[in-house]
Amino acid sequence: MSFRRVTKLVCGLAGGSAVLVAMAEPKGYYLEKTKHNESSKKLTGLGVLQAAVPQTRSPGHDHTVTASGNGWDSNWDKRDPLALINGKKKKDKEITSEELNTEMENNKPKATRHIFLIRHSQYNLNGSVDKERVLTPLGREQAEYTGQRLAALGLKYDVMVHSTMTRATETAKIISKHLPEVDKVSCDLLREGAPIEPVPPISWKPDCVYHEDGARIEAAFRRYIHRADTKQTEDSYEIIVCHANVIRYFVCRALQFPPEGWLRLGLNNGSITWITIRPSGRVGLRMMGDSGFMPPEKLTRT
């Protein structure tokens with residue numbers, strides 16, 4: 001069998017994504033030994049010709065996966081039931097194991113929070129002050145598409161919170177036409193800003209801006225991104241209409257990714273980011289910057 005035919009065979013078996021390896025095993029991988037491989041050696045002049053597969057074990061040893069970085073902080077929102085009880089124990093006398101179990105059950109959230117982070121639509125970049133930075137005609141179209149998409153999901157939304165900046169307020173107003181039963185609430189904490197100096201660094205803002213904006217945006221995160229209250233018995237669906245920097249920072253913080261990486265994420269105008277927070281405190285990203293419900297010619301990122 002020719003070398004070309006053998007190569008074609010190996011690549012076909014690996015789904016077209018095979019890696020050719022000769023005489024050496026790359027770090028972190030091992031070469032699977034099979035009878036088929038022995039026959040392959042006889043048919044080719046290469047010592048080994050096959051796909052490299054991820055190393056999940058080593059001979060004679062169990063394979064364990066350890067978390068990189070700092071791992072997962074289960075009390076990231078300071079609402080872990082055990083942490084709440086320990087805080088109470090410091091103030092009160094020690095409690096029995098039976099009382100501990102009761103307290104644990106009483107302090108355990110029962111519902112999942114679904115949070116939809118909406119980036120405002122395209123706006124007038126030439127405005128010198130906020131009130132002049134109104135939505136463009138295309139931006140108003142984008143908000144219509146976003147409202148239609150949220151309505152089409154068929155969910156029972158509890159509230160719509162929006163930034164007090166003009167572009168976010170106008171976006172929320174257009175979206176609300178498609179969700180007339182949902183109450184709107186404005187919040188200054190959600191205004192656009194510079195959450196934290198990004199890495200890799202860019203020459204964008206002086207340190208004092210990060211110092212001031214960062215504290216405000218972090219306060220917004222702590223107010224809106226956390227597991228459900230113990231009194232909440234049903235899953236909730238909440239909409240937050242705000243800005244790209246705020247959303248990107250929220251996502252990094254909620255997933256416990258390095259927050260200084262926020263600028264590496266991109267969001268289209270009018271896009272939808274969906275975060276879920278389980279009663280256990282586990283966080284999931286259902287979608288990030290979804291804008292596939294808009295025609296391609298309507299997409300912008302300004």
Side-chain angles (χ1 to χ4, degrees), residues 67-88 103-119 146 149-151 153-163 168 172 175 179 182-187 189-190 195-196 214-262 264-265 267 271-290:
S68 61
N70 297 322
W72 179 259
D73 177 12
S74 61
N75 192 32
W76 61 274
D77 59 351
K78 309 306 178 188
R79 294 171 184 244
D80 182 80
L82 185 58
L84 293 174
I85 294 171
N86 288 336
K88 184 177 180 180
E103 286 289 329
M104 283 284 290
E105 191 62 30
N106 291 339
N107 285 279
K108 187 181 298 183
K110 302 171 180 60
T112 295
R113 294 184 67 214
H114 298 264
I115 303 171
F116 295 82
L117 301 168
I118 313 299
R119 189 193 176 193
T146 304
R149 175 57 175 170
L150 290 170
L153 292 176
L155 301 172
K156 184 181 178 181
Y157 301 103
D158 297 88
V159 68
M160 183 190 304
V161 185
H162 62 86
S163 158
I175 291 175
L179 303 169
V182 181
D183 292 333
K184 296 197 305 298
V185 179
S186 63
C187 179
L189 293 177
L190 294 168
I196 188 173
R216 173 177 54 78
I217 296 172
E218 173 64 19
F221 174 83
R222 297 185 185 192
R223 173 177 291 187
Y224 295 110
I225 311 299
H226 54 77
R227 74 191 81 186
D229 187 86
T230 55
K231 297 178 181 179
Q232 182 177 326
T233 58
E234 296 183 357
D235 293 354
S236 59
Y237 299 86
E238 304 156 52
I239 299 171
I240 299 177
V241 182
C242 53
H243 309 268
N245 295 352
V246 177
I247 295 172
R248 294 184 285 187
Y249 178 77
F250 278 13
V251 168
C252 288
R253 283 281 282 111
L255 297 177
Q256 298 188 29
F257 293 165
E260 61 271 15
W262 64 271
R264 304 174 210 168
L265 306 176
L267 295 172
S271 61
I272 301 173
T273 296
W274 183 353
I275 291 177
T276 60
I277 306 176
R278 302 295 180 187
S280 64
R282 294 192 61 161
V283 179
L285 185 62
R286 296 282 293 269
M287 63 177 69
M288 175 73 185
D290 178 34

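Worth knowing before you read on, the calculation uses all heavy atoms, side chains too, and leaves out hydrogens, waters and symmetry mates.
Residue H162 comes nearest to A168 through the heavy atom pair CB-O, 4.3 Å, listed as atom of the first residue, atom of the second, then distance. In plain terms, the two heavy atoms of T276 and R286 that are nearest each other are CG2-CG, 3.5 Å. For N75 against D80, the heavy-atom pair with the smallest separation is OD1-N, 3.0 Å. Residues A111 and E234 come closest through the heavy atom pair CB-O, 3.2 Å. Summarising the geometry of Y224 relative to C187, their closest heavy-atom pair is OH-SG, 3.1 Å, with the distance given to 0.1 Å.
Aromatic rings of Y157 and F116 (six-membered ring for Trp) have centroids within the 6.0 Å cut-off, being under it.
Separation of atoms CD1 (I275) and CD1 (I240) is listed at 8.5 Å; rounding is to 0.5 Å. With rounding to the nearest 0.5 angstrom, the CD1 atom of I115 is 12.0 Å from the CD1 atom of I239. One distance of note links SG of C252 with CG of L265; it measures 5.0 Å at 0.5 Å rounding. Rounding to the nearest 0.5 Å places CG of L285 at 7.0 Å from OG1 of T273.
Aromatic ring pairs are classed by plane angle as parallel below 30°, tilted from 30° to 60° and perpendicular above 60°; the pair H114 and Y237 is parallel.
With a 4.5 Å cut-off on side-chain heavy atoms, T146 and V241 do not count as touching. Proximity of M288 to L267: side-chain heavy atoms (C-beta onward) are separated by under 4.5 Å at one or more points.
A side-chain donor-acceptor contact under 3.5 Å links R227 to the backbone of S280. With hydrogens and angles ignored, the 3.5 Å screen pairs a side-chain donor or acceptor of W262 with a backbone N or O of I196. Side-chain atoms of T112 do not come within 3.5 Å of backbone N or O of R278 as any donor-acceptor pair. Counting only distance, with no hydrogens or angles, the side chain of D290 and the backbone of I272 share no donor-acceptor pair below 3.5 Å. Here the side chain of W72 pairs no donor or acceptor atom with the backbone of Q256 at under 3.5 angstrom.
The salt bridge (Lys or Arg N to Asp or Glu O under 4.0 Å) search around R222 returns E218, not counting sequence neighbours. Under the salt bridge (Lys or Arg N to Asp or Glu O under 4.0 Å) criterion, R113 pairs with E238, sequence neighbours left out.
Remark: R264 CZ is packed, more than 12 non-hydrogen atoms of other residues, nucleotides or ligands lying under 6.0 Å away.
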